[in-house]
Amino acid sequence: MTITLKVPGMKCMHCEAAVKDALNELSGVNSAVVDLESKTVTIDYEGLEVSALKEAIEDVGFDVEA
């Protein structure tokens, strides 16, 4: 499955790396692509709840909008 989440607090390459690393640590995430301009992350995943994806992002300090 693929989902795009809005992460408005991302501003720089460090933010991008933190979000990507957090998501890629989850078993079931195939890829995470961050777009800093639109402040979104598109995640290709399987076998996970969306809440787990959001929690991983929130755990590194970013809010996630639906």
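Just so it is clear, the model here is predicted, and its values are computed rather than measured. Only this structure's heavy atoms are used, side chains among them; waters, hydrogens and symmetry mates stay out.
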* Asked: In Å, rounded to the nearest 0.5 Å, how long is the span from CE of Met1 to CG of Asp44?
  -> 10.0 Å
* Structure fact -> Rounding to 0.5 Å, atoms CG (Leu53) and CD (Glu55) come to a distance of 10.0 Å
* Asked: Looking only at heavy atoms, what is the nearest atom pair of Leu5 and Ile43, with distance?
  -> CD1-CD1, 3.8 Å
* hydrophobic_cluster_shared for Val33 and Ile57, side chain cutoff 4.5 Å -> no
* Counterpart residues, side-chain contact (heavy atoms from CB on, under 4.5 Å), relative to Thr42 (two or more places apart) -> Thr2, Thr4
Show me the side-chain donor-acceptor pairs of residues 10-29 shorter than 3.5 Å, one per line, residues at least two apart or across chains.
unit_1, atom_1, unit_2, atom_2, d
Asn24, ND2, Lys20, O, 3.1

* So do Val7 and Lys39 actually touch side chain to side chain, heavy atoms under 4.5 Å? -> no
* To do: Could you list the residues that satisfy side chain to side chain donor-acceptor pair (under 3.5 Å) with Asp35, not counting sequence neighbours?
  => Ser38
* To do: Show the numbers, then the answer: is there a side chain to side chain contact (heavy atoms under 4.5 Å, CB included) between Glu46 and Asn30?
  => CA-CA 8 Å; Glu46 54 190 58; Asn30 300 318; 3.4 Å; yes
* Asked: If we only count heavy atoms from C-beta on, is the Val64 to Lys6 side-chain gap below 4.5 Å?
  -> no
